[in-house]
Asker: 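Input: one structure, supplied below.
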Amino acid sequence: LQPLNDCHDGWHSLLEALGYRVDFVSDAQLAAGGAASAALVVAPFSVVLDDETAAALAAVAAPLLAGPHAGACDGHGRLRAAAAAGPWFQ
């Protein structure tokens, strides 16, 4: 798990160096508008997204910086069609 921790620390350090304040929100908070005032939304490891969370990410007005396979799987871990994965997956 150390490489994953290092990657997380790298994201955190990079965003702080660029002047962003880093906050974490759960899927439920995101769906309830928890990222509405965000200047930037980062979802680097969000391969598995249920439909509600994928829709909440797509609705965020801030720029979205997502990993290469964001939303590739539904909430049950099954591969979904590219069109259903959200605009960032196209």
Side-chain angles (χ1 to χ4, degrees):
L1 290 176
Q2 188 58 42
L4 185 57
N5 286 337
D6 291 345
C7 187
H8 176 269
D9 291 345
W11 273 103
H12 201 272
S13 296
L14 173 68
L15 292 169
E16 284 188 336
L18 292 172
Y20 290 101
R21 189 185 80 202
V22 178
D23 290 322
F24 296 88
V25 296
S26 67
D27 292 352
Q29 290 170 315
L30 180 67
S37 64
L40 175 70
V41 174
V42 180
F45 306 111
S46 301
V47 176
V48 177
L49 295 172
D50 63 30
D51 292 339
E52 183 179 20
T53 304
L57 274 177
V60 170
L64 174 63
L65 185 60
H69 303 292
C73 297
D74 65 18
H76 301 285
R78 296 183 191 104
L79 279 175
R80 63 170 93 208
W88 60 88
F89 191 70
Q90 303 299 320

Asker: Work out which heavy atom in C73 is nearest to a heavy atom in L79; give both atom names and the distance.
Answerer: SG-CD2, 3.9 Å
Asker: For residues 15-25, which side-chain N or O atoms pair as donor and acceptor with protein atoms under 3.5 Å away, sequence neighbours left out?
Answerer:
{"unit_1": "R21", "atom_1": "NE", "unit_2": "D23", "atom_2": "OD2", "d": "3.1"}
{"unit_1": "R21", "atom_1": "NH2", "unit_2": "D23", "atom_2": "OD2", "d": "2.4"}

Asker: Keeping S13 on the side-chain end and D9 on the backbone end, is there a donor-acceptor pair under 3.5 Å?
Answerer: yes
Asker: Can you name the nearest heavy-atom pair linking G77 to V48, along with the distance?
Answerer: N-CG1, 4.2 Å
Asker: I need the minimum non-hydrogen distance between R80 and D51, along with the two atoms involved.
Answerer: NH1-OD1, 3.0 Å
Asker: Is there a path of hydrophobic side-chain contacts, each under 4.5 Å between heavy atoms of I, L, V, M, F, W or Y residues, that connects L57 with L65?
Answerer: no
Asker: If you look only at distance, which donor and acceptor atoms sit under 3.5 Å apart when one is on a side chain in residues 28-44 and the other is two or more places apart or in another chain?
Answerer:
{"unit_1": "Q29", "atom_1": "OE1", "unit_2": "S26", "atom_2": "N", "d": "2.7"}
{"unit_1": "Q29", "atom_1": "OE1", "unit_2": "S26", "atom_2": "OG", "d": "3.4"}

Asker: Taking all non-hydrogen atoms of both residues, which atom of T53 and which atom of L49 are closest, and how far apart?
Answerer: CG2-CD2, 3.8 Å
